[in-house]
Amino acid sequence: MRPRQPRCCSAVALAAVGLLSSGCNAVSSGSALSSVPAPKSNTVFLTTGDAPRPFKTLGFVQIRGYGVQVAGFADVGDADLDKTIKGALANEAAKMGGQAVIHIEFLDENPSTDAERVQAAMQQVQNLAQRKPEVEKKDRYVTVVGEVVQFTE
Amino acid sequence: MRAMLMALALGATMTTGCTMVDKVTLPSVPGGKEVFVTAGDVTEPHEVLGLIQVSRSGPLLFGNIDVVGTDLETGFKKVLLPEVERLGGDGVVRVRYRMTQYTPFARIAGAIFFIFPLPSTVTITGTVVKMKQGLAAPAPAPAVEATPAAAAEPAPTPSAAPTEVKATRATR
């Protein structure tokens with residue numbers, strides 16, 4: 001009689017396939033910033049490049065967004081490029097009286113690869129299956145800096 | 001009970017996403033009276049005086065008290081600008097900066113475990129430039145070396161603060 005394979009082996013095989021089929025690249029992306037020429041509106045002009053018009057510098061801002069990745073896939077909090085750039089950074093610039101933020105630099109400090117996400121999700125499933133009251137979570141940080149300016153023309 | 005506590009902790013974590021903001025107000029424009037600072041470039045003719053990196057490190061006592069000043073405000077106004085003036089520059093271009101920012105949780109932990117102060121650093125790098133004749137500040141152009149006034153009034157940095165300044169000189 002053929003011995004039955006333990007259930008854990010199939011889970012491990014499944015995880016291995018999942019890890020092998022997923023890439024090892026970590027990708028963080030955000031939506032488009034402002035286009036040139038800047039539309040005439042009250043929104044703050046945001047760019048990673050130079051200002052489209054003559055300007056004077058008002059100051060500099062650094063934002064660090066914190067969030068948590070739960071079970072590999074659910075991202076909660078402010079560790080998000082759009083939230084930090086279009087939210088916090090634009091708001092701070094407006095408070096300073098700025099019309100634009102130029103030379104924006106951003107860094108997702110610890111993005112997860114697909115393999116890490118799958119692994120965390122699998123671990124969460126395993127925790128639930130074993131009725132372990134543990135949640136797979138990972139602290140996430142996004143840092144953004146920019147120069148707040150006011151157009152002079 | 002344990003599961004309930006875990007759920008509560010998870011809920012608290014999920015609802016307390018936060019953003020740390022630090023800024024410095026530094027109104028400036030190339031060719032003005034004050035030393036200008038920009039993360040970009042200047043198109044007007046200028047002489048490159050050198051590269052500069054300034055950094056200041058210190059502890060955050062009780063997770064919050066920044067005794068030596070390791071924020072952008074101090075880094076720019078009390079460390080970078082005096083150093084640029086000392087070098088005889090009119091401004092700094094292609095500025096890059098980074099400072100330590102702790103989450104409120106880390107700061108609370110720092111307050112609880114106050115015997116372990118949180119390390120904090122601000123670092124600023126850039127290229128010191130001097131505008132060519134006619135575009136520089138109207139005041140007499142300072143010599144390349146520190147002027148007597150600058151020498152008499154060194155940067156207002158506390159002597160205890162481990163401030164590092166690295167500068168190289170080059171002329172283009």
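Just so it is clear, the structure is predicted and the values come from calculations on it, not from any experiment. Convention: sequence-line order gives letters A, B, ...; per-chain numbering from 1. Just so you know, these numbers use all the heavy atoms, side chains as well, and skip hydrogens, waters and symmetry mates.
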Open item on the list: I'd like to verify something: which residue of A:Gln62, A:Glu147, A:Lys56 has the highest number of heavy-atom pairs under 4.5 Å with chain B?
Closed with: A:Gln62

Task: Where B:Phe76 and B:Ile124 come nearest, the two heavy atoms and their spacing - done: N-CD1, 3.6 Å

Open item on the list: I need the residue from A:Asp50, A:Ile63, A:Val149 with the largest number of non-hydrogen atom pairs under 4.5 Å to chain B.
Closed with: A:Ile63

- [ ] Please tell me if the side chains of A:Thr47 and A:Leu33 come closer than 4.5 Å, counting only heavy atoms from C-beta onward.
- [x] no

Task: Part of A:Glu105 lying under 4.5 Å from any heavy atom of chain B - done: side chain

- [ ] Check each atom of B:Arg98 against the heavy atoms of chain A and say whether the ones under 4.5 Å are side chain, backbone, both or neither.
- [x] both

Open item on the list: Which residues pass the ring pair (Phe, Tyr, Trp, His ring centres under 6.0 Å) test with B:Phe62, not counting sequence neighbours?
Closed with: B:Phe114

Task: ring pair (Phe, Tyr, Trp, His ring centres under 6.0 Å) partners of residues 70-127 of chain A, not counting sequence neighbours, each pair once - done: none

Open item on the list: Which one wins on heavy-atom pair count under 4.5 Å against chain B: A:Ala88, A:Gly87, A:Gly146?
Closed with: A:Gly146

- [ ] Considering only heavy atoms and a distance below 4.5 Å, find which of A:Gly59, A:Ala51, A:Pro54 pairs most often with chain B.
- [x] A:Gly59

- [ ] Would you check if there is a donor-acceptor pair between the side chains of A:Lys83 and B:Thr19 at a distance under 3.5 Å?
- [x] no

